[in-house]
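Structure record follows, encoded as structure tokens.
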Amino acid sequence: MDKIWIKGGQILRGKVKISGAKNAVLPAIAASLLTHEEIILKNVPLVQDVFTMLTLIKELGGRYKLNDHEISIKVENIQSFEAPYELVKTMRASILVLGPLLARYGEAVVALPGGCAIGSRPIDLHMQGLEKLGAKLKLEHGYIKAKAKKLKGTEIEFSKVTVTGTENLIMAACLAKGETVLKNCAKEPEVVDLCNLLISMGAKIEGVGTDTVRIRGVEELKGTTHYVIPDRIEAGTFLVAGGLIGDEIIIENVYPHHLDAVIEKIRFAGINIEKIDSKTLKVNGNSNIRSQDVTTSPYPGFPTDMQAQFMVLMTQANGISIITETIFDRRFLHVNELLRLGADIRVIGDKAIVKGGTPLSGAEVVATDLRASASLVLAGLIADGETVVSQIHHLDRGYERIEEKLAQLGAKIKRIKGEE
Ligand code: UD1
């Protein structure tokens, strides 16, 4: 397994280009199951989760061509209705094929994802919603087996905001008979991006980006070309890197309005972020970081996917900050690793109490999940001496060449190739 080696303390400067959003491209790939025509996606991030999703599409019978950061996908004939456990256990977002398969073919078999490092992540809301649309679902041998003659539009209110749950039901409703009204929907930019893709495929969707989305089912959807939005979490990660140890880092290919809550918190912490134009930000480090409390919540709130990275920033602030995680239980696995680097953090229930102003010193640490890995890389950039982050397959799931991007900014960082 590969590792990342970092020698901390190098000032970062220069330009970095943000890749397309992993969480937008995964549902977009799943949406290709809704038509027999070709879907072309541009600005695709070359990250492991994308390759896993493409493998799944191929297993189901689709064909794809990947050329640089563009993929074309065509699903003319389905050969299998099954998303196998081998794939689902490495990437929970595989569940996104459930809605499209049911809607277009009336059948889907998807492995139950099971537990994951950042806590229990049930899919009951996906299942209840599909049942309300008329599907029959049963659980057998660790698999959800779903069947439906023709899905029928109805009104569904999510009891909790769920991103992939909203996406699954929107996709299913596009080919259902009649109108579906979804209430208490997730409003994340990735949900909006999926709706925009579906609309350009011929779907009839209203209320995009609000908590009530209305979908009028159509007989069929067609092919299209779609530009995937930039990854706001990757951009946020570079904003934190810039705040910690940057001197004029220019972040390109970012939509700043997708990062309002993150930018606000980082600015409150005393870090200067300037908007250069509608797709470019500039960030400058500050040695006098102010502590800030933060509570994660669904969009437009502070994203849980930025919690671990923001915590590293707070280890360098001039006071105590309280970070409250409301989306996932057990999403503090990075804390133990940050403690190994010298941070002073105590976890009480859903809160992490971070005492700032602690110098970090390099050590060997283990990545536990995707965003935790990013936080360890950030910590390594400011730690004294050498840090080695292992288990970086987690990092590779969602960050495209992060070590190369950081090295271009001047970081002393490299990948140490491991044995397979
Ligand atoms: C998506 C993102 C992930 C992000 C998360 C929250 C993708 C591929 N992944 O994950 O990066 O961290 O949103 O912003 O887009 N829940 C239920 N029942 C369900 C579904 C969810 O109880 O059927 C709960 C979850 O346990 C969690 C909360 O709802 O507490 C939000 O989860 P959800 O928005 O569904 O996360 P994902 O879509 O899996």
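The structure displayed is predicted, hence computed values, not measured ones. Start at 1 and go down the list; that is how both ligands and their atoms are numbered. In what follows, residues are counted from 1 in the order of the sequence shown.
- Residue contacts with ligand 1, taken as heavy atom pairs separated by less than 4.0 Å, involve Ile327 via backbone and side-chain atoms alike.
- We find that Glu234 and Lys405 are joined by a salt bridge, their nearest charged nitrogen and carboxylate oxygen being less than 4.0 Å apart.
- At a heavy-atom distance under 4.0 Å, atoms from both the backbone and the side chain of Asp124 approach ligand 1.
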Run the side-chain contact (heavy atoms from CB on, under 4.5 Å) check on Lys58 and Tyr64 step by step: do they pass?
CA-CA 8 Å; Lys58 205 168 156 201; Tyr64 69 86; 4.0 Å; yes
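- For ligand 1 and His126, the ligand atoms under 4.0 Å from any heavy atom of the residue are 23 (O).
- The two residues Ile348 and Ile353 have their closest heavy-atom pair at CD1-CD1, 3.7 Å.
- A donor atom on one side chain and an acceptor atom on the other are not found under 3.5 Å apart for Gln391 and Thr368.
- The heavy atom nearest to atom 23 (O) of ligand 1, out of those in Leu125, Asn168, Asp49, is found in Leu125.
- Looking at Val161, Val163, Ile233, Asp369 and measuring to atom 31 (C) of ligand 1, the nearest heavy atom belongs to Val161.
- Of the N and O atoms on the side chains of Ser321 and Gln292, not one donor lies less than 3.5 Å from an acceptor on the other residue.
- At least one N or O atom of Thr162, backbone or side chain, sits closer than 3.5 Å to an N or O atom of ligand 1.
- Listed here is the closest heavy atom pair of Leu102 and Ala135: CD1-CB, 3.7 Å.
- Any N or O atom pair closer than 3.5 Å counts here, and Thr304 shares no such pair with ligand 1.
- In terms of polar-atom proximity, Pro122 is counted as a contact of ligand 1, with an N or O under 3.5 Å from an N or O of the ligand.
- Between the choices Asn23, Thr166, Leu370, the shortest heavy-atom distance to atom 8 (C) of ligand 1 belongs to Asn23.
- Taking only nitrogen or oxygen atoms, main chain and side chain alike, Glu188 does not reach within less than 3.5 Å of ligand 1.
- Within the 4.0 Å heavy-atom criterion, the part of Phe328 lying near ligand 1 is the side chain and not the backbone.
- Judged by distance alone, the side chains of Gln307 and His334 do bring a donor and an acceptor atom under 3.5 Å apart.
- The two atoms that bring Asp68 and Leu46 nearest to each other are O-CD2, 3.5 Å, heavy atoms only.
- The shortest heavy-atom distance from Arg331 to ligand 1 is under 4.0 Å.
- Atom 29 (O) of ligand 1 has its nearest heavy-atom neighbour, among Arg92, Lys160, Met127, in Lys160.
- Each of Val88, Asp49, Leu26 was evaluated against Ser94; a single residue qualifies, Val88, per the side chain to side chain contact (heavy atoms under 4.5 Å, CB included) test.
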